[in-house]
Every structure is written in C-alpha cells, then in structure tokens.
Number of protein chains: 2
Amino acid sequence: MVRNEARRTALLDAAIDVLAQEGARGLTYRAIDAKAGVPAGTASNYFANRDELMPAVMTRVHERLMPSGESVAESLALPRDRSLTVKFMHDIIKRADADKACYLAMMELRLEATRRPEIREALTRTIAGNIEDNVAFNEESKLPGDRMTVVSLYFAMTGLIYERLTLPDVVATMDLDELVEVMVNRAIG
Amino acid sequence: MVRNEARRTALLDAAIDVLAQEGARGLTYRAIDAKAGVPAGTASNYFANRDELMPAVMTRVHERLMPSGESVAESLALPRDRSLTVKFMHDIIKRADADKACYLAMMELRLEATRRPEIREALTRTIAGNIEDNVAFNEESKLPGDRMTVVSLYFAMTGLIYERLTLPDVVATMDLDELVEVMVNRAIG
DNA sequence: AACATAGTACTACAGTTGTCGTGGTTGAAC
DNA sequence: GTTCAACCACGACAACTGTAGTACTATGTT
C-alpha cells in the first residue's frame, strides 16, 4: 500500500467532501479521485477496499474536529461565569458552521456505525471521552454547573447542531443568541 | 404507475427496513423487493425512479411516527405537573426504541434532505410544525414551563435519541431516568 | 551507470444497479 | 364469454462500481 501522507490526507479530505455532498451512496473511488483532482484509480492505490476506507475517513474527521487549544486558553482568561459557558457553546456552533462538511461526514459515519462495529467502537470512545473531558474541564476550571449541566448541555447542543445542519430553516426563525443563553442558564440551574 | 395501496405500503415499509439496516447506499430496487418478499422488479413497477421513491418513503416514515392520540389523552388525565412532562419524554424514548428502523430511516432521510430540496421542505414543515404543536400543547394543557422549555427540551431529546440510536454505548453508562428527570426539571427552570 | 524502491497512472473485468419494455394474469363490467 | 384495465413477473441492457493487475516515472543508493 502506497504511503504518501500528503496525498493520502488530500484523498481523505476529498472523501469527506464527497460524503457531505453526495452521501454515503456517492462515496466511490472514482468520486474521491475526481474531487481530489487526481487521476482515476489513485484512491484505490491508497485504500485496499471500502471497508478500509471508512475507518480512515473517520480518523481524519476526528483529527479535523479537534479544537485548537489556543482558543480555549484564550477563553480561560475570562471570568469563569455563565457568560463564559455561553461563549463556549457559541464557539462550538461556529466551528460546526465553519466546517459543515466535516460534521455532515461525521453524521454519515455515525449512521454507518450502526452497522460497522469497528467504526462504532472508535466513535463511542471518541464521543464518550469527549463528554468526560468536558465534565472534567468544567469542574477543574471552576465553571458554573455540575456534571448533569455538562451532559444535558451536550445533548441539547448535539440536537441543535444536528437540526441546524440538516434542516436549517427549522432553526432559522429562532433567536440563536437567546436560545443558547436560556439553554445554558437552565442547564446550570 | 401501479396503485395497489397495500402492496405499495409494504414496499415502503421494506424500504424503511433496508434504509435502517443497510443505509442509503443499500437502498436499491432489488433490496426492497427482497426485503418485501416480492419478485424482483416489483418495486420498479411502483416507483418510476429513485427520485420518486425517496419522498414516498419519507411520507411513510411520517405516517408511522405519528403518536397514537389515545395515549396522549390517557396521560392528560394525570396531574399537570413536572412528573407528567417527564412521562411524556419517556414515552418519546419508548417510541424510538420500539421503532428504531423508522427513526434510523428518518436520519438517513434527513441527511438526504441536505441535498434534496423537496425532502428538505417536507421535513422542515413536519418538524417545525411538530415543535409549534408541542409549544401550543404545553401551554393549552397548562403544563409547567414556557416556550423555551419546550424548545430546549426538544433539542435535548433529539440529541439524546440520536446518541442512543447511533452510539448506544455512550449513553449506556448513564442513568436514563435521572438524566430525563434532571433535563426536564432544569428546562422548566 | 545500474539498480532498487516507492509512488503514480492507467486499464481490464466481473458483478451490481437503475431503468424500460413486454407479455401474462386477474377480476370485474357488460 | 368477451373486453378491458389494472396489476404483476421477468428479462434485457447500458451505465456504474469495486478491485486487481501492470507498466511507467522519479528519486536516491551503490
């Protein structure tokens, strides 16, 4: 198997775009090659078969969705109150808007996870770890709210982002700032 | 186009199962025929092409997800307090568990909606209407909480069900009863 | 210069899929 | 008992897809 990392990554990024634009149904070797602008047959030089491709895409999505770290540090200079939690939630929404393709690809992969145990295990680890990290972060940073605040906010944000990406017009009529503020305030209790 | 309603519905139900089990990628005429136990070619006698099939499936999903009405009436005999809202939330979760295929199919369709305007419009109407109905119902029934209670609970429940269906192990370690109770209590404020 | 290696381009092929057409069956109306 | 429309089974076919194989190119090593 060929191992030009730059090219391989470019192919995976192309696969993410294809997933977002065409869905799992459109994810073919030829579609990836076309999207990446490489000659037909290239993707199959990098991924032996479709079963090997999907987990690789999933790993790439995970990489791309990692928060920057420096923006977190920046935020932590602010006072640790409710308005900071609100800011964090808005940051998450902004990241989703900025990289829609990645989130949509993850949604395709999550559905794929219902029938592929390897993807399911990897995603479960990622997401469960993410929730635990958030709970620990919230506590260590002395941000307001308890464990349940973080968990219920996680679900609400998941639902909100899911809705915004798949059926934007449902949320379009709502005041996003007000919505996030109320959700945070009540989740904190 | 053929119009034997019973057979058509059976084919659509088969399509829902295929969507849930194999994903949008596996939704082929032959797969539908096989799942419905009818001779190959039958589905194509009922749906001229794939673009006509998808909205039909979506309509059928919508039909199947409608709540029974009598169970609602039954619940309304109970005292209109927080515990009733908790009960309603548990009913929703139960319905999702009882008809996983339908919910999974809807998730596939929601992703399909990002690239098919007809499905998107239909789903947007359905979901937005559903939220408004819930808001009105909550108010008319003098259930506790305001509009924001209903909206934020809607998102939290969407996220929770999404998580439970796609990555059940993430939620498995949580105490579902406690989670729903806290979510309701805080959403009410 | 000769060679080895990794990466790349391209092609072939068998299996699958969407779609269309065609002929057969059923059952009710007359 | 003929007619007719609706329904059904089946096959054909071109287009597309996954996969494997093969030959070409670039680069570095000896």
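Only this structure's heavy atoms are used, side chains among them; waters, hydrogens and symmetry mates stay out. Throughout, protein chains are lettered first and strands after them, A, B, ... in sequence-line order, and every chain is numbered starting at 1.
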* Give the C-alpha distance, both sets of side-chain angles, the deciding distance and a yes or no for salt bridge (charged side-chain N to carboxylate O under 4.0 Å, His left out) between Asp91(B) and Arg95(B). => CA-CA 6 Å; Asp91(B) 285 348; Arg95(B) 242 205 340 273; over 6 Å; no
* Euclidean distance, atom CZ of residue Phe47(B) to atom P of dT19(C) [Å, nearest integer] -> 13 Å
* Asked: What is the distance, rounded to the nearest whole Å, between atom CD of Glu52(A) and atom C1' of dA20(D)?
  -> 14 Å
May I have the list of side-chain donor-acceptor pairs in residues 12-31 of chain A shorter than 3.5 Å, sequence neighbours left out?
from: Asp13(A); atom 1: OD1; to: Arg60(A); atom 2: NE; distance (Å): 2.8
from: Asp13(A); atom 1: OD1; to: Arg60(A); atom 2: NH2; distance (Å): 3.4
from: Asp13(A); atom 1: OD1; to: Arg64(A); atom 2: NH1; distance (Å): 3.0
from: Asp13(A); atom 1: OD2; to: Arg60(A); atom 2: NH2; distance (Å): 3.1
from: Gln21(A); atom 1: OE1; to: Lys35(A); atom 2: NZ; distance (Å): 2.8
from: Arg25(A); atom 1: NE; to: Ala24(B); atom 2: O; distance (Å): 3.4
from: Thr28(A); atom 1: OG1; to: Ala31(A); atom 2: N; distance (Å): 3.0
from: Tyr29(A); atom 1: OH; to: Phe47(A); atom 2: O; distance (Å): 2.8
from: Tyr29(A); atom 1: OH; to: Asn49(A); atom 2: N; distance (Å): 3.2

* Asked: Can you name the ring-ring contact (aromatic ring centres under 6.0 Å, His included) partners of Tyr154(A), sequence neighbours left out?
  -> none
* Asked: Whole-Å distance between dT19(C) P and Tyr29(B) OH?
  -> 5 Å
Between N or O atoms, less than 3.5 Å apart, protein on one side and nucleotides 3-10 of chain C on the other: list the pairs.
from: dG7(C); atom 1: OP1; to: Arg3(A); atom 2: O; distance (Å): 3.1
from: dG7(C); atom 1: OP2; to: Arg3(A); atom 2: N; distance (Å): 3.0
from: dT8(C); atom 1: OP1; to: Asn4(A); atom 2: ND2; distance (Å): 2.8
from: dT8(C); atom 1: OP1; to: Arg7(A); atom 2: NE; distance (Å): 3.3
from: dT8(C); atom 1: OP2; to: Tyr46(A); atom 2: OH; distance (Å): 2.0
from: dA9(C); atom 1: OP2; to: Arg7(A); atom 2: NH1; distance (Å): 3.0
from: dA9(C); atom 1: OP2; to: Arg7(A); atom 2: NH2; distance (Å): 3.4
from: dA9(C); atom 1: N7; to: Asn45(A); atom 2: ND2; distance (Å): 3.3

* Kindly indicate, with the supporting measurements, whether the criterion side chain to side chain contact (heavy atoms under 4.5 Å, CB included) is fulfilled by Asn130(A) and Thr126(A). => CA-CA 6 Å; Asn130(A) 187 250; Thr126(A) 303; 5.5 Å; no
* Within residues 9-27 of chain A, find the residues that approach DNA chain C with a heavy atom at under 4.0 Å, and present them sorted by residue number. => Arg25(A)
Quick one: side chains of residues 136-145 of chain A, donor-acceptor pairs under 3.5 Å with protein atoms, not counting sequence neighbours, listed by atom name and distance.
from: Asn138(A); atom 1: ND2; to: Pro144(A); atom 2: O; distance (Å): 3.3
from: Asn138(A); atom 1: ND2; to: Gly145(A); atom 2: O; distance (Å): 3.4
from: Ser141(A); atom 1: OG; to: Phe137(A); atom 2: O; distance (Å): 2.7

Detail all sub-3.5 Å separations between protein N/O atoms and N/O atoms belonging to nucleotides 14-16 of chain D.
none

* To do: Sequence neighbours left out, what passes salt bridge (charged side-chain N to carboxylate O under 4.0 Å, His left out) with Arg116(A)? Give chain and number order.
  => Asp51(A), Glu112(A)
* **Contacts of Asp133(A) that satisfy side chain to side chain donor-acceptor pair (under 3.5 Å) - sequence neighbours left out** => none
* Quickly work out the Arg50(A) CZ to dT16(C) P distance and round it to whole Å. => 15 Å
* Asked: According to the ring-ring contact (aromatic ring centres under 6.0 Å, His included) rule, which pairs have a member within residues 158-189 of chain A, sequence neighbours left out?
  -> Tyr162(A)-Tyr162(B)
* **Where DNA chain C forms stems, i.e. three or more consecutive Watson-Crick or G-U pairs with both distances under 3.5 Å** => C:1-30 with D:1-30
* Asked: Could Arg110(A) and Glu163(B) be called an ion pair, given the rule that one side-chain N must be under 4.0 Å from one carboxylate O?
  -> yes
* Are Asp97(B) and Arg164(B) close enough, and set up right, to give a salt bridge (charged side-chain N to carboxylate O under 4.0 Å, His left out), and what steps lead you there? -> CA-CA 9 Å; Asp97(B) 283 345; Arg164(B) 274 170 56 85; 2.5 Å; yes
* Using atom CG of Asp51(A) as one end and atom C1' of dA20(D) as the other, report the distance to the nearest whole Å. => 16 Å
* Could I get the full list of salt bridge (charged side-chain N to carboxylate O under 4.0 Å, His left out) partners for Glu5(B), not counting sequence neighbours? => Arg3(B)
* Asp146(B): partners by side chain to side chain donor-acceptor pair (under 3.5 Å), with sequence neighbours left out -> Arg186(A), Thr149(B)
* Specify the separation, in whole Å, of atom CG of Asp33(A) and atom P of dT11(C). => 14 Å
